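The structure displayed is predicted, hence computed values, not measured ones. All residue numbers refer to positions in the sequence shown, counting from 1.
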Amino acid sequence: MTTGIVSGLGRPIQESNGPLIRNMIQTDAAINPGNSGGPLLDSSGKMIGINTIIYSNSGSSSGVGFAIPVSTARRVVADLIQYGRVNRGVINATMYPISTLTRYVRFPSSVKGGILVSEVESSSNAEIAGLKGGTRENALNLRTRRGIISIYVDGDIITAVDNISVSSQADFDSALEDKRPGDTVTLTVYRNGKSEKIKIKLDGNSSNI
């Protein structure tokens with residue numbers, strides 16, 4: 001067991017190109033090898049988080065540690081027990097961060113970042129709400145390891161979710177992290193030279209993650 005203080009709450013953390021995790025607990029308690037996944041306890045012995053990661057300049061176990069809040073863990077565990085997966089709300093559409101496409105496509109100068117909507121799944125809540133994908137007349141065909149993919153580049157560009165700006169896939173995933181199927185979110189989208197707001201009821205995810 002190691003001891004320390006909670007030095008910050010609500011910290012956003014991102015490792016390499018992984019998803020952004022919001023609302024982490026920051027602590028200066030050492031997280032030794034094998035401690036990840038163990039409990040973070042308060043002074044009365046109550047579990048307040050799950051130790052997850054440590055940032056250390058020396059590569060040792062001392063540095064700034066981060067733990068997932070127990071409220072988040074409780075929700076995830078309940079989903080795993082009931083559904084065998086985390087039951088998150090999703091927008092059923094094929095989307096790409098525009099930052100990955102700027103070498104191929106010239107987007108409007110007023111758009112500094114966001115998520116391009118290439119295709120919207122038929123009969124999904126996103127389609128019902130009016131989210132627009134691109135057209136086949138404006139397709140960007142890219143060769144990948146899996147073959148040729150077509151990206152329709154004149155669809156809506158999502159710039160914010162519930163007034164939280166999104167410029168990368170990590171931002172977008174993080175904005176939906178705590179959302180459940182059936183929740184409603186407000187998207188800010190760039191369309192036809194101006195910004196519009198669209199309310200979308202989230203679908204359920206089919207992923208086992």
Trainee: Answer with yes or no whether the hydrophobic clustering places Met24 together with Leu40; edges join I, L, V, M, F, W, Y residues whose side-chain heavy atoms lie under 4.5 Å apart.
Mentor: no

Trainee: Under the rule for side-chain hydrogen bond (donor to acceptor under 3.5 Å, both in side chains), what residues qualify as partners of Gln169, not counting sequence neighbours?
Mentor: Asp173

Trainee: Other members of the hydrophobic cluster containing Ile5, with the 4.5 Å side-chain heavy-atom rule, please.
Mentor: none

Trainee: Taking it one step at a time, do Val111 and Tyr190 satisfy side chain to side chain contact (heavy atoms under 4.5 Å, CB included)?
Mentor: CA-CA 8 Å; Val111 178; Tyr190 183 88; 3.6 Å; yes

Trainee: Determine whether Asn163 and Thr186 satisfy the following criterion, side chain to side chain contact (heavy atoms under 4.5 Å, CB included), listing intermediate values before the conclusion.
Mentor: CA-CA 8 Å; Asn163 294 321; Thr186 300; over 6 Å; no

Trainee: For the residue pair Phe172 and Ser167, establish whether any side-chain heavy-atom pair is separated by less than 4.5 Å.
Mentor: no

Trainee: I want to check something: taking the side chain as every heavy atom from C-beta on, are Leu142 and Ile151 in contact at a cut-off of under 4.5 Å?
Mentor: yes

Trainee: If you round to the nearest 0.5 Å, how far is CG of Leu41 from CG of Asn51?
Mentor: 8.5 Å

Trainee: List, one per line, each side-chain donor-acceptor pair under 3.5 Å for residues 94-104, sequence neighbours excluded.
Mentor:
| from | atom 1 | to | atom 2 | distance (Å) |
| --- | --- | --- | --- | --- |
| Thr100 | OG1 | Pro97 | O | 2.7 |
| Thr102 | OG1 | Ser99 | O | 3.4 |

Trainee: Any side-chain heavy atom of Leu202 sitting closer than 4.5 Å to one from Val185?
Mentor: yes

Trainee: Can you give me every donor-acceptor pair (side chain of residues 115-123, partner residue at least two apart or in another chain, under 3.5 Å) with its distance?
Mentor:
| from | atom 1 | to | atom 2 | distance (Å) |
| --- | --- | --- | --- | --- |
| Ser118 | OG | Tyr152 | N | 3.0 |

Trainee: Which other residues belong to the hydrophobic cluster containing Val77, where Ile, Leu, Val, Met, Phe, Trp and Tyr are joined when side-chain heavy atoms lie under 4.5 Å apart, directly or via other members?
Mentor: Ile81

Trainee: Return the set of residues passing side-chain contact (heavy atoms from CB on, under 4.5 Å) with Leu9 (not counting sequence neighbours), or none when no residue passes.
Mentor: Val6, Ile25

Trainee: Which pairs count as salt bridge (charged side-chain N to carboxylate O under 4.0 Å, His left out) when at least one residue sits in residues 186-201, sequence neighbours excluded?
Mentor: Asp156-Arg191, Arg191-Glu196

Trainee: With heavy-atom distances below 4.5 Å as the criterion, would you say the side chains of Leu140 and Val105 are in contact?
Mentor: yes

Trainee: Could you work out, with salt bridge (charged side-chain N to carboxylate O under 4.0 Å, His left out) as the rule, every residue matching Lys132, not counting sequence neighbours?
Mentor: none

Trainee: Would you say Ile198 and Thr188 make side-chain contact, with heavy atoms under 4.5 Å?
Mentor: no

Trainee: Among residues at least two apart in sequence or on other chains, which ones pass side-chain contact (heavy atoms from CB on, under 4.5 Å) with Ile148?
Mentor: Asn141, Arg143

Trainee: Is a donor on one side and an acceptor on the other found under 3.5 Å between the side chain of Asn125 and the backbone of Ile200?
Mentor: no

Trainee: Counting C-beta onward and ignoring hydrogens, is there a side-chain heavy-atom pair between Arg88 and Leu176 closer than 4.5 Å?
Mentor: no

Trainee: Please report the closest heavy-atom contact between Val166 and Ala160, naming both atoms and the distance.
Mentor: CG2-N, 3.7 Å

Trainee: Applying a strict under-4.5 Å side-chain criterion to I, L, V, M, F, W and Y, I'd like to know whether Val189 and Ile157 cluster together.
Mentor: no

Trainee: For Ser44, give me all partners under side-chain contact (heavy atoms from CB on, under 4.5 Å), at least two apart in sequence or on another chain.
Mentor: Asp42, Lys46

Trainee: Report the distance from atom OG of Ser165 to atom CD1 of Ile158, rounding to the nearest 0.5 Å.
Mentor: 13.0 Å

Trainee: Report the residues that fulfil side-chain contact (heavy atoms from CB on, under 4.5 Å) with Ile50, sequence neighbours left out, ordered by chain and then residue number.
Mentor: Met47, Ala73

Trainee: Please confirm whether the backbone N or O of Thr135 pairs with a side-chain atom of Asn138, one donor and one acceptor, at under 3.5 Å?
Mentor: no

Trainee: Taking only residues two or more places apart in sequence, or in another chain, which ones meet Asp162 in a salt bridge (charged side-chain N to carboxylate O under 4.0 Å, His left out)?
Mentor: Lys179

